[in-house]
There are 2 protein chains.
Amino acid sequence: MPSWETAKSQRRDDIVAAARALMRRSGVDGFSMRVLAEEAGVSIATPYNLFGSKQAILLEVLAADLKAYETALAEMHADEIEVLFRTVEMMTEVFAEEPDLYRSVIAAVSRDGGPEFRFMVSGPRYLLWKRLLREATEAGLLRADVDPDAFAITVTQHMFANVLDWALGNLSLAEMSGRIRYGLALSLVAIATPRSRAQIESRLKNAEILLQQFWRAALAARLKDGPLDTETRAVLADQLIHIENRSLEESA
Amino acid sequence: MPSWETAKSQRRDDIVAAARALMRRSGVDGFSMRVLAEEAGVSIATPYNLFGSKQAILLEVLAADLKAYETALAEMHADEIEVLFRTVEMMTEVFAEEPDLYRSVIAAVSRDGGPEFRFMVSGPRYLLWKRLLREATEAGLLRADVDPDAFAITVTQHMFANVLDWALGNLSLAEMSGRIRYGLALSLVAIATPRSRAQIESRLKNAEILLQQFWRAALAARLKDGPLDTETRAVLADQLIHIENRSLEESA
DNA sequence: GTATGGATTAAAACGCATTTTAAGGCGTGC
DNA sequence: GCACGCCTTAAAATGCGTTTTAATCCATAC
């Protein structure tokens, strides 16, 4: 490797490090290429020479963390069904450690991160889920007559959509986690075997109760404090009434 | 209504019409506020006075079509389970009529359409699905012990995620439709009653076969023509091998 | 007929991502 | 020791969404 190459990769690292620090400190709005260049001690043209675009830099920031996550997943041991839910919980824990950083990076990268981003995030995840599902199937815990590709894609996409909703500020981290686990459990119920059905149904019920708690709290708060347009109010009130009825039924 | 108000709403209509025409003609990239203003015969400041932002204008473009879709849905009659799938098919048909327009608008609006967009699209859809699911439940075709909110949100989000994937160019319209129907059928299997199980399982199988056909064609094509990075190749090859094995098994 | 007030306008400006230009720095090979 | 390549740099420029300014239009109210 010629010597300027090492200087170049050093600069690359500096820029990615500066990007991570800046993202953590200033969030998605305080992050501009001009500030980043200044922060990294290079000219504005350099990041473009080395990475090509802003999104490429943010992808690089994400990539390191994704790798750490992958290795953590690889070391995990649990029952073939539990491992699926543990995967979701681990992701939630990773996000919980530095929520601002992850939210900013994921939101920024998804804004127009294009297909590469989608693929970088979904690809490995999809392979992972496919493996996990195959193992559960071999253990006799899931029906064998289901296409693992179709199922893994569905589950992966559901996760991804919820993560995005969280990153864009539409969901708390806890509700994101609850929704993902609910959707996962729901899909798994569809392909459960007699041996696993009770376990998965119980997971589904737990996630359902968790979500209901969130909604009850959130909706009551929103109905209290704001003037809302009528359509919004209708949706919220509908949810609220439903949930309150259900609470009454349950306590009766 | 004072006379300048009518002139104002006339201008609003002109701008929305120009936005729709421009979007249809030039797509998401050729659409800039300066071009739009020129096209509509107003100054650049006027759209901002009347709508506030670019995304608000695009939301307006979408809103009209959404309303037409809603009314078409309201007139639909079918078996309580079939109606769920018909809803997806109707959406697909709407998109198929003017794919460029819808792709552009949805992609543009989702780029940073913010929460209002999410809500405008998801809100009515969520209410619709909740109603449809309630009717199916009352007809004894779905289990009654499932939270309709949680279920409707899950289904709605799954639809939305796939529509977005289509709008961003990651999916053909037909595959989008197939994926949505697969995910819908999968979720419904989980809450099917004995009366509806066979019908839904058959839907699931159909969607599965459709998706497999897409993948077989698409993956073979991609493996042929491009240099791919190793990770991508691994994902694709894995899918391809799986599907080809399955084809062999089936033909055997 | 004239003043009032809301709306549109042209024009300039801001900050942004990105690209292009010419100039300079510096390790490597001769 | 000198020239060649590669890379960084400063600086300016492009086009974007958006905002601000002051000027101007024009239907209504007196």
Side-chain angles (χ1 to χ4, degrees), chain A residues 1-19 22-23 25-61 104-105 107-114 116-117, chain B residues 1-19 22-23 25-61 104-105 107-114 116-117:
Chain A
M1 180 158 74
S3 84
W4 72 76
E5 291 270 347
T6 76
K8 193 198 261 192
S9 82
Q10 177 62 48
R11 244 179 291 256
R12 280 183 68 103
D13 294 348
D14 290 348
I15 290 171
V16 171
L22 182 58
M23 214 24 126
R25 180 153 39 81
S26 315
V28 64
D29 287 332
F31 190 101
S32 85
M33 290 298 275
R34 286 172 175 78
V35 177
L36 171 61
E38 191 178 350
E39 207 83 350
V42 297
S43 96
I44 173 76
T46 301
Y48 285 99
N49 288 332
L50 294 179
F51 295 93
S53 70
K54 181 181 184 174
Q55 40 154 308
I57 295 172
L58 296 173
L59 277 178
E60 212 77 13
V61 173
S104 301
V105 173
V109 149
S110 77
R111 193 182 306 275
D112 43 6
E116 320 100 5
F117 163 58
Chain B
M1 180 156 73
S3 83
W4 71 76
E5 291 270 347
T6 74
K8 193 200 262 193
S9 81
Q10 177 61 49
R11 243 180 291 257
R12 281 183 65 103
D13 294 347
D14 290 348
I15 290 171
V16 172
L22 182 57
M23 216 21 129
R25 179 154 39 81
S26 316
V28 65
D29 288 331
F31 189 102
S32 84
M33 290 298 276
R34 286 172 174 82
V35 176
L36 170 61
E38 192 178 351
E39 207 83 351
V42 298
S43 95
I44 172 76
T46 300
Y48 284 98
N49 288 332
L50 294 179
F51 295 93
S53 68
K54 179 181 184 175
Q55 40 156 309
I57 295 172
L58 295 174
L59 278 177
E60 213 77 12
V61 173
S104 300
V105 174
V109 148
S110 76
R111 193 183 305 277
D112 42 6
E116 319 101 4
F117 162 58

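These numbers come from the heavy atoms of this one structure, side chains and all, not from hydrogens, waters or symmetry mates. So that the names make sense, note that chain A is the first sequence line, chain B the second, and so on, each numbered from 1.
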Atom-pair distance ([atom1] on [X]; [atom2] on [N]), nearest Å:
| X | N | atom1 | atom2 | value |
| --- | --- | --- | --- | --- |
| B/Asp29 | D/dT14 | CG | C1' | 16 Å |
| B/Ile15 | C/dT8 | CD1 | C1' | 11 Å |
| B/Tyr48 | C/dA13 | OH | P | 18 Å |
| B/Phe51 | D/dT19 | CZ | C1' | 18 Å |
| B/Glu38 | C/dT9 | CD | P | 13 Å |
| B/Leu22 | D/dG17 | CG | P | 11 Å |
| B/Lys54 | D/dT19 | NZ | P | 14 Å |

CG-NZ distance between B/Asn49 and B/Lys8, expressed to the nearest 0.5 angstrom
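It is 9.0 Å, given to the nearest 0.5 Å.
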
Distance check, rounded to the nearest 0.5 Å: B/Lys54 atom NZ versus B/Leu59 atom CG?
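Going from NZ on B/Lys54 over to CG on B/Leu59, the span is 12.5 Å.
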
Relative orientation of the end axes in the helix from C/dG1-D/dC30 to C/dC30-D/dG1, expressed as an angle to the nearest 10° (five pairs per end)
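Here the helix ends are tilted 20° relative to one another.
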
For [X], what residues pass the side-chain contact (heavy atoms from CB on, under 4.5 Å) criterion, not counting sequence neighbours?
| X | answer |
| --- | --- |
| B/Phe51 | B/Arg12, B/Ile15, B/Val16, B/Ala56, B/Ile57, B/Glu60 |
| A/Val28 | A/Ser104, A/Ala108, A/Arg111 |
| B/Tyr48 | B/Met33, B/Ile44 |

Per-nucleotide protein contact string for nucleotides 8-13 of chain D, where B marks a base within reach and S marks sugar-phosphate only (heavy atoms under 4.0 Å, - for neither)
BBS---

Just checking A/Phe31: base, sugar-phosphate only, or nothing, at a heavy-atom cut-off of under 4.0 Å?
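Sugar-phosphate, no base atom in range.
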
Of all residues at least two apart in sequence or in a different chain, which pass the side chain to side chain donor-acceptor pair (under 3.5 Å) check with A/Asp14?
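Side chain to side chain donor-acceptor pair (under 3.5 Å) list for A/Asp14, sorted by chain: A/Gln10.
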
Please list, for nucleotides 23-26 of chain D, all pairs of protein and nucleotide N/O atoms separated by less than 3.5 Å.
none

What side-chain hydrogen bond (donor to acceptor under 3.5 Å, both in side chains) pairs are there with at least one residue in residues 25-44 of chain A, not counting sequence neighbours?
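Counting only pairs at least two positions apart or across chains, the side-chain hydrogen bond (donor to acceptor under 3.5 Å, both in side chains) contacts touching residues 25-44 of chain A are A/Arg25-A/Glu39.
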
Indicate the atoms forming the closest heavy-atom contact of B/Pro47 with B/Val42, along with that distance.
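Closest pair (atom of B/Pro47, atom of B/Val42, distance): CD-CG2, 4.0 Å.
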
Compare all side-chain heavy atoms of A/Val61 with those of A/Met23 and state whether any distance is below 4.5 angstrom.
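A/Val61 vs A/Met23: side chains apart.
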
